[in-house]
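Since the structure comes first, as structure tokens, the remarks are kept for the end.
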Amino acid sequence: MKTFLWGWSTLAGSLILFSILANGEMGFDEMDMLNDFNGTNDANVLMVGLTLVQAAASKGAVCLDGSVPGYHLCRGYGSGANNWIIQLQGGAWCDSIKNCQNRKSSGYGSSMKMEKELAFLGILSNKAAENPDFYNWNKVKVRYCDGASFGGDSENKAAQLQFRGKRIFLAVMEDLMAKGMRQAKQALLNGCSAGGLSAILRCDDFSNLFPPTTKVKCMSDAGFFLDAVDVAGGHSIRRMYSGIVNTQGLQNTLPRTCTSHISPALCLFPQYIINQVKTPLFILNSGVDAWQIGNSLAPPSADPSGSWHNCSFSFRCTPSQKQFLQGFTTSMLNALKTFSTFRKNGVLITSGWAHCQTERQDAWFPGNSGAGKVKGIAVAVGDWFFERKSS
């Protein structure tokens with residue numbers, strides 16, 4: 001089914017309409033979505049083993065349960081041998097002590113529970129036919145085990161919880177620098193969903209690791225969580241973000257350019273911090289983001305009658321629901337207007353019901369971007385990163 005993409009051209013500074021083939025449906029528990037996605041029966045898919053960063057323990061850079069963090073590394077070769085793409089894993093958040101304690105029993109809170117291998121697809125694929133610009137780069141997936149988008153640096157001794165996401169990020173980057181990333185000629189930090197928010201929060205930290213001669217950029221996929229009003233007129237996602245900030249003490253680690261003048265809970269929303277990011281940044285998001293519909297706009301607490309269930313879980317929406325979602329898309333576009341005027345940045349807002357498009361091969365590079373075809377996501381991201389003139 002053909003859907004459409006909305007995006008600002010970084011060259012012209014104007015709103016351009018793209019079209020692309022998009023397939024697939026997503027559920028709403030983000031951790032289940034990611035687990036399901038990494039399961040594959042394709043023997044040709046690249047499976048990459050887990051590396052644990054043992055040296056992180058001495059730095060206090062540990063998961064919720066105190067175990068050391070980990071990542072998956074696939075070495076680059078040929079023209080990509082000195083280029084690096086770092087993907088920060090997503091997987092929602094924990095917004096209370098109880099939720100964080102529950103999270104410790106999964107791979108999203110403990111490296112002892114992590115899968116030993118993950119599939120590398122989409123932007124991490126090692127096949128030129130599936131990932132033309134980045135297939136032979138050094139590719140890394142950093143596991144997410146802190147519950148706050150690599151954002152915290154505190155602990156709760158009574159609850160036996162470590163909130164050390166920021167330390168985890170820096171410790172993993174130090175380990176990768178020692179394994180050759182220090183010599184990188186080009187580097188791209190990216191992430192999906194909660195990992196997409198992480199890529200925004202840690203973007204300038206990532207850039208500061210490299211000398212000025214290294215081309216460094218960041219990309220957020222499905223990480224543009226909007227400060228939106230839900231279907232009951234409340235702010236469900238604000239309440240969630242307030243819980244995350246209060247539980248993990250993020251008021252001390254979120255950007256001071258934001259927390260100095262508004263509530264720290266609001267400073268988890270990208271719309272309030274992206275204009276202060278100095279490093280070139282690309283925002284990729286669906287204007288009808290599947291996760292945000294079911295968890296921010298129409299969660300059960302805001303929709304006790306279940307009237308939004310079909311729209312949330314299978315995108316079968318009534319005319320009035322479609323109108324509400326159009327307003328959400330418009331709000332997202334408006335929140336990105338100032339950001340899109342900076343020539344270094346890129347924006348691509350799709351209209352397909354989706355979440356995490358760079359990790360899905362059918363969305364990232366479905367193979368319909370040849371001569372006479374409208375470009376796909378992979379080509380649009382590549383044009384922005386390499387500063388190719390759009391055709």
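What you see is a predicted model; the values in this text were computed from it and never measured.
Looking only at distances, a side-chain donor or acceptor of H72 sits under 3.5 Å from a matching main-chain atom of G49. Side-chain atoms of S198 come within 3.5 Å of backbone N or O of A194 as a donor-acceptor pair. Side chain of S286 to main chain of V288: a donor-acceptor pair is present (N/O by atom type, distance under 3.5 Å, no hydrogens or angles). Using modelled atom types, no side-chain atom of T247 and backbone atom of I244 make a donor-acceptor pair closer than 3.5 Å. Under the 3.5 Å distance criterion, the side-chain polar atoms of N138 are left unmatched by any main-chain donor or acceptor of R75. The closest donor-acceptor contact from the side chain of Q162 to the backbone of C63 lies at 3.5 Å or more, if one exists at all. In this structure a side-chain-to-backbone donor-acceptor pair under 3.5 Å is missing from Q292 to L297.
Here the two rings, on F225 and F269, have centers that are 6.0 Å apart or farther. Taking the ring centroids of W291 and W93, they lie under the 6.0 Å cut-off.
S236 is not listed as a side-chain neighbour of S296, based on a closest heavy-atom distance of 4.5 Å or more. Contact check for N345 versus S340: no side-chain heavy atoms found under the 4.5 Å cut-off. Between I237 and N295, the closest side-chain pair of non-hydrogen atoms is not below 4.5 Å. Side-chain contact between M114 and Y108: absent, with no pair of heavy atoms (C-beta onward) separated by less than 4.5 Å. Residues F163 and S154 form a side-chain contact, since some pair of their non-hydrogen atoms from C-beta on lies under 4.5 Å apart. At a threshold of 4.5 Å between non-hydrogen side-chain atoms, the residues V48 and E117 do not count as touching. Using a 4.5 Å heavy-atom threshold, the side chains of L88 and F169 count as touching. In this structure, the side chains of T214 and Q186 stay at 4.5 Å or more apart for every pair of heavy atoms.
Side-chain contact, Q87 with N190: a donor N or O sits under 3.5 Å from an acceptor N or O. For the residue pair S193/H355, the side-chain donor-acceptor check at 3.5 Å is satisfied. A side-chain donor from one of D204 and T279 sits under 3.5 Å from a side-chain acceptor of the other. Judged purely by distance below 3.5 Å, without hydrogens or angles, the side chains of T350 and N285 never pair a donor atom with an acceptor atom.
Across A378 and F365, no two heavy atoms sit closer than the pair CB-CD1, 3.7 Å. Shortest non-hydrogen contact noted between P280 and C203 is O-SG, 4.4 Å. Across all their heavy atoms, Y272 and L266 have their closest contact at CD1-O, 3.0 Å.
With rounding to the nearest 0.5 Å, the separation of OG1 in T318 from CG in N310 is 10.0 Å. To the nearest 0.5 Å, the span separating CG on N131 from CD1 on I85 amounts to 7.0 Å. Here the CG atom belonging to N83 is positioned 11.0 Å from the CG atom belonging to D133, to the nearest 0.5 angstrom. The line from CD1 of I168 to OH of Y71 is 14.0 Å long, rounded to the nearest 0.5 Å. Note: C94 SG to L161 CG = 7.5 Å, rounded to the nearest 0.5 Å. The line from CG of L201 to NZ of K166 is 10.0 Å long, rounded to the nearest 0.5 Å.
For the pairing with M219, the side chain to side chain contact (heavy atoms under 4.5 Å, CB included) check across I123, I283, I200, L348 returns one residue only, I123.
Every disulfide bond (SG atoms under 2.5 Å apart) that C317 has, sequence neighbours left out, goes to C311. Residues satisfying the ring-ring contact (aromatic ring centres under 6.0 Å, His included) test with F324, not counting sequence neighbours, are W308. With sequence neighbours left out, the salt bridge (charged side-chain N to carboxylate O under 4.0 Å, His left out) criterion links K179 to D175. Looking at residues two or more places apart in sequence or on another chain, you find a salt bridge (charged side-chain N to carboxylate O under 4.0 Å, His left out) between D153 and R164, R167.
A parallel orientation is assigned to the rings of F134 and F386, their planes being inclined by less than 30° (bins at 30° and 60°).
K139 forms no cation-pi arrangement with W84, by the criterion of a distance under 6.0 Å to the ring centre and an angle within 45° of the ring axis. Annotation: cation-pi geometry satisfied between R103 and Y144 (NZ/CZ under 6.0 angstrom from ring centroid, within 45° of ring axis). For the pair K217 and F385, the cation-pi criterion (under 6.0 Å, within 45° of the ring axis) is fulfilled.
In this structure, M240 is not a member of the same hydrophobic cluster as I97, with clusters built from ILVMFWY side-chain heavy atoms closer than 4.5 Å. Cluster membership for V229 and L325, using ILVMFWY side-chain heavy atoms within less than 4.5 angstrom, is not shared. Cluster annotation: L176 is not connected to V68 through the hydrophobic network of ILVMFWY side chains, with a link wherever side-chain heavy atoms come within less than 4.5 Å.
Counting only residues at least two apart or in different chains, salt bridge (charged side-chain N to carboxylate O under 4.0 Å, His left out) contacts with residues 295-322 are absent. Sorted by first and then second residue, the salt bridge (charged side-chain N to carboxylate O under 4.0 Å, His left out) pairs involving residues 238-260 (not counting sequence neighbours) are D227-R238.
A salt bridge does not link K104 with D65: every distance from a Lys NZ or Arg NE/NH1/NH2 to an Asp or Glu carboxylate oxygen is 4.0 Å or more.
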